[in-house]
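Reckoned from all heavy atoms, side chains included, excluding hydrogens, waters and symmetry mates.
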Amino acid sequence: MRRLAEVLFASALLNAGCVPRCENVCEKLLACGLESERVALEECTTSCLEQNALYEFWDDEDKQLAFDEHRRCLKRSSCQEIARGDCYDPEIFIFARE
């Protein structure tokens, strides 16, 4: 029983650290109706990858961690939660929310 608990705990730690790929996050946004065309998926993915690369280039670990958590939040949240702005972070999303 203890071994099972250890395995489950280790699995939870590993999954907590997984950062969804930009394309997967953008596909979720598309499925939620927050992106309306196929080209929007490509633009979303490109923008996400560029933002990630920028934070790496700046060597800004705080922004990298915040952006990773932002993508995790988008992936795990419902469409309603995303639309409500539950994953919005003004530190990494420079445009004002509507």
Peer 1: Do the side chain of K63 and the main chain of L54 share a donor and acceptor less than 3.5 angstrom apart?
Peer 2: no
Peer 1: Heavy atoms only: give me the nearest S77-C73 pair and the separation to one decimal.
Peer 2: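 Smallest heavy-atom distance, with atoms named: OG-O, 2.6 Å.
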Peer 1: Angle between ring planes, W58 versus Y55, binned at 30° and 60°: parallel, tilted or perpendicular?
Peer 2: tilted
Peer 1: Taking side chain to side chain contact (heavy atoms under 4.5 Å, CB included) as the test, write out the residues that go with E50, two or more places apart.
Peer 2: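 E50 satisfies side chain to side chain contact (heavy atoms under 4.5 Å, CB included) with T46 once adjacent residues are dropped.
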Peer 1: CZ/R76 to CG/D86 distance, rounded to the nearest 0.5 angstrom?
Peer 2: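 The CG atom of D86 is 10.0 Å from CZ of R76, to the nearest 0.5 Å.
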Peer 1: Are N52 and D68 side-chain neighbours, meaning at least one heavy-atom pair lies under 4.5 Å?
Peer 2: yes
Peer 1: Can you tell me how far apart SG (C32) and CD (E81) are? Round to the nearest 0.5 Å.
Peer 2: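 Reported value, rounded in 0.5 Å steps: 10.0 Å.
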Peer 1: Which residues pass the side chain to side chain contact (heavy atoms under 4.5 Å, CB included) test with C22, sequence neighbours left out?
Peer 2: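 Listed in chain order: T45, C48, L49, R71.
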Peer 1: Taking Q51 for its side chain and F67 for its backbone only, find out whether a donor-acceptor pair lies under 3.5 Å.
Peer 2: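 Side chain of Q51 to backbone of F67, a donor-acceptor pair under 3.5 Å: no, none is there.
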Peer 1: Please confirm whether the backbone N or O of A66 pairs with a side-chain atom of E69, one donor and one acceptor, at under 3.5 Å?
Peer 2: no
Peer 1: Is a donor on one side and an acceptor on the other found under 3.5 Å between the side chain of H70 and the backbone of C87?
Peer 2: yes
Peer 1: Within the 4.5 Å heavy-atom criterion, are K28 and L74 side-chain neighbours or not?
Peer 2: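 No, their side chains stay 4.5 Å or more apart.
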